A.B. asks: 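Take this structure, written in structure tokens, and hold onto it; I'll ask about it next.
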Amino acid sequence: MGDSPVVVQSQVQAVEEAKREEITSQNGPELKAPTLVQCKWWIQMVIYSIFVLSSQAIGTLLGRLYFNKGGNSKWLATLVQIIGFPVLIPFLFITSTKTNKITKIKKPSFYIVASLYTLLGLFIAGTCMLYTIGLQYLPVTTYSLICASQLGFNALFSYFLNKQKFTPYTVNSLVILTVSSSLLVLGNDDSGEHTNKKSRRKYIFGFLSTVAASACYALMLSITQLALQKIFKRENFRLIIEMSIYPSVTATMAILIGFFASGEWKNLGKEMNEYKLGKIRYVLNLIGTAISWQVFTVGSIGLIFKVSSLFSNVISILGLPLTPVLAVMFLHDKLTGIKIMSMLLAIWGCVSYMYQHYLDDLKDKDAKQAQLVELSEVSH
């Protein structure tokens with residue numbers, strides 16, 4: 001004897017309700033408690049974006065100021081970019097009570113996590129050294145605009161590692177950003193008419209180092225996003241802090257080995273005494289640089305959590321107009337016609353990519369909304 005129609009209808013409604021709840025949960029803050037969850041998501045996005053934009057500008061300017069006023073140690077300038085991780089350790093204890101509730105997700109193997117953090121740490125060490133070389137040999141405006149190429153590299157790596165799709169707006173963004181950075185190496189006029197071959201070689205070396213650093217940084221972002229999706233499979237603030245601290249420990253150890261092996265540590269006393277702004281400002285510069293880049297790391301990883309590695313990079317690139325303007329104001333850097341053109345192209349490229357992200361977001365919302373409406377009609 002079969003089930004009654006009422007029982008069958010109840011079962012169908014239960015199944016449809018379960019599907020609807022599943023889609024609603026996948027849809028995120030748009031359909032589930034929009035007034036609270038969505039506001040919280042946007043607040044987090046704004047905070048992480050402010051972290052990235054402000055700390056990137058401050059860290060870059062302090063790094064250039066270090067070299068302008070008498071600093072000469074590449075290893076020290078690299079070390080302060082990553083050694084500030086101890087300031088984040090208290091947050092591990094603050095967030096530990098909330099994150100212990102997550103028990104359903106199986107934790108990845110210790111060896112896998114250790115290997116990942118070691119790999120990311122070595123990437124960070126190499127990338128920071130390349131950025132230091134670029135910052136030493138290039139004006140801040142040129143250095144900042146060349147960093148726009150990292151968005152193109154990020155899109156390329158995201159295509160292969162994170163299944164990022166290319167669209168006309170994305171391709172347009174990559175082409176424009178490539179042209180933007182290429183203009184700078186062709187139009188170097190920062191040294192005036194008397195640029196000699198030695199300074200020209202330093203400029204080329206700084207340019208290539210910055211481009212290589214941008215590629216390494218972009219690859220590191222894509223690997224981070226892949227690790228979040230395939231290894232950790234969870235999202236919380238504690239994991240953001242962990243992924244900021246543990247790779248920095250590996251990177252710090254690697255840079256310290258190079259720092260002592262190079263013998264640059266022997267000249268620190270002399271460098272501090274000869275620093276044009278004085279000993280106290282010398283120390284404050286290093287401390288400020290260390291804290292700034294740790295805040296940047298937290299912000300960039302937070303944006304990867306909330307959206308993607310490409311979006312994190314886009315927010316970083318949006319700070320390009322800010323850094324050169326501040327460099328002109330405080331470091332008396334030159335803002336030439338070539339740099340202005342490059343800056344405008346970089347902004348155009350970023351806007352092109354952001355518009356594509358906006359279109360993708362609308363398409364995703366419409367698709368999920370249509371699926372909910374379809375399930376609602378079937379249940380009735």
Side-chain angles (χ1 to χ4, degrees), residues 47-67 69 71 73-95 117-136 140 143-144 147 213 216-217 220-221 224 237-260 264-265 268 271-272 275 277 279-305 312 315-316 319 323 326:
I47 292 175
Y48 289 139
S49 298
I50 292 175
F51 282 178
V52 169
L53 293 175
S54 60
S55 59
Q56 178 181 241
I58 294 173
T60 302
L61 291 178
L62 288 177
R64 185 61 209 176
L65 185 66
Y66 166 79
F67 288 114
K69 301 303 179 180
S73 175
K74 295 184 181 68
W75 288 102
L76 180 60
T78 303
L79 183 63
V80 294
Q81 296 178 43
I82 52 181
I83 202 173
F85 66 87
V87 301
L88 302 177
I89 293 178
F91 292 98
L92 290 176
F93 301 98
I94 293 175
T95 60
Y117 286 153
T118 301
L119 175 64
L120 291 176
L122 295 177
F123 259 113
I124 292 172
T127 302
C128 290
M129 174 55 76
L130 290 171
Y131 274 134
T132 299
I133 295 173
L135 194 58
Q136 182 179 17
V140 172
Y143 167 85
S144 299
C147 288
C216 291
Y217 178 73
M220 184 175 62
L221 289 181
T224 301
F237 185 69
R238 179 184 175 87
L239 184 57
I240 295 177
I241 299 300
E242 289 177 353
M243 295 195 72
S244 301
I245 292 177
Y246 297 138
S248 295
V249 173
T250 303
T252 299
M253 294 175 62
I255 295 300
L256 281 174
I257 293 174
F259 180 58
F260 287 105
E264 288 187 356
W265 62 275
L268 290 185
E271 181 176 285
M272 183 184 298
Y275 194 67
L277 298 180
K279 296 180 181 180
I280 296 179
R281 292 186 179 181
Y282 176 85
V283 175
L284 290 177
N285 181 297
L286 298 179
I287 294 175
T289 304
I291 295 176
S292 297
W293 287 119
Q294 285 305 309
V295 174
F296 174 83
T297 301
V298 172
S300 60
I301 294 177
L303 290 176
I304 294 175
F305 266 112
S312 177
I315 296 299
S316 176
T323 304
L326 293 176

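These numbers come from a predicted model, not from an experiment. Heavy atoms only: backbone and side chains are in, while hydrogens, waters and symmetry mates are out. Along the sequence shown, residues are numbered consecutively beginning with 1.
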A.B. asks: Return the CG to CG distance between Leu61 and Asn285, rounded to the nearest 0.5 Å.
C.D. replies: 10.5 Å
A.B. asks: Would you call Val283 and Met272 a side-chain contact if the rule is heavy atoms closer than 4.5 Å?
C.D. replies: yes
A.B. asks: Is there a side-chain contact (heavy atoms from CB on, under 4.5 Å) between Tyr48 and Ile240 once you walk through the steps?
C.D. replies: CA-CA 11 Å; Tyr48 289 139; Ile240 295 177; 3.3 Å; yes
A.B. asks: Look up atom CD1 in Ile82 and atom CE in Met129, then write down how far apart they are to the nearest 0.5 Å.
C.D. replies: 9.0 Å
A.B. asks: Who passes side-chain hydrogen bond (donor to acceptor under 3.5 Å, both in side chains) against Thr132, sequence neighbours left out?
C.D. replies: Thr78, Gln81
A.B. asks: Between CH2 of Trp293 and CG of Leu62, what distance do you get to the nearest 0.5 Å?
C.D. replies: 9.5 Å
A.B. asks: Under 3.5 Å, which donor-acceptor pairs link side chains of residues 245-257 to any protein atom two or more places apart or in another chain?
C.D. replies:
residue, atom, partner, partner atom, Å
Ser248, OG, Ser244, O, 2.6
Thr252, OG1, Ser248, O, 2.7

A.B. asks: For Gly84 versus Val87, what's the shortest heavy-atom pair and its separation?
C.D. replies: O-CG2, 3.0 Å
A.B. asks: What closest approach, in Å, do Tyr143 and Gly134 show between heavy atoms, and which atom pair accounts for it?
C.D. replies: CD1-C, 3.8 Å
A.B. asks: Go through the steps to decide whether Arg238 and Phe91 satisfy the test side-chain contact (heavy atoms from CB on, under 4.5 Å), and finish with yes or no.
C.D. replies: CA-CA 7 Å; Arg238 179 184 175 87; Phe91 292 98; over 6 Å; no
A.B. asks: Going from OH on Tyr282 to CD1 on Ile287, what distance comes out if it is rounded to the nearest 0.5 angstrom?
C.D. replies: 11.5 Å
A.B. asks: Distance from Thr60 atom OG1 to Leu65 atom CG, nearest 0.5 Å?
C.D. replies: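 Answer rounded to 0.5 Å: 12.5 Å.
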A.B. asks: Could you tell me whether the side chain of Ser300 and the main chain of Thr297 form a donor-acceptor pair under 3.5 Å?
C.D. replies: yes
A.B. asks: Between Tyr66 and Ala77, which heavy-atom pair has the shortest distance, and what is it?
C.D. replies: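 So the minimum-distance heavy-atom pair works out to CE2-CB, 4.0 Å.
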A.B. asks: So Phe259 and Leu268, side-chain contact (heavy atoms from CB on, under 4.5 Å) or not? Walk me through it.
C.D. replies: CA-CA 11 Å; Phe259 180 58; Leu268 290 185; 3.5 Å; yes
A.B. asks: Which of these, Val298, Val295, Ile291, sits in a side chain to side chain contact (heavy atoms under 4.5 Å, CB included) with Ser55?
C.D. replies: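 Testing each of Val298, Val295, Ile291 against Ser55, the sole residue satisfying side chain to side chain contact (heavy atoms under 4.5 Å, CB included) is Val295.
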A.B. asks: So which heavy atom on Gly288 is nearest to which on Ser292, and how close?
C.D. replies: O-OG, 2.7 Å
A.B. asks: List the residues meeting side-chain hydrogen bond (donor to acceptor under 3.5 Å, both in side chains) with Tyr217, not counting sequence neighbours, and say none if there are none.
C.D. replies: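 Expected list: none.
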A.B. asks: Heavy atoms only: give me the nearest Tyr117-Glu242 pair and the separation to one decimal.
C.D. replies: OH-CB, 4.0 Å
A.B. asks: Assess whether side-chain contact (heavy atoms from CB on, under 4.5 Å) is satisfied between Met243 and Leu120, documenting all intermediate values.
C.D. replies: CA-CA 9 Å; Met243 295 195 72; Leu120 291 176; 4.2 Å; yes
A.B. asks: What pair of heavy atoms forms the shortest contact from Gln136 to Lys74, and how long is it?
C.D. replies: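 Shortest heavy-atom contact: OE1-CE, 3.0 Å.
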A.B. asks: Would you compute the distance between atom CG of Leu239 and atom CG of Leu92 and round it to the nearest 0.5 angstrom?
C.D. replies: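 Answer rounded to 0.5 Å: 10.5 Å.
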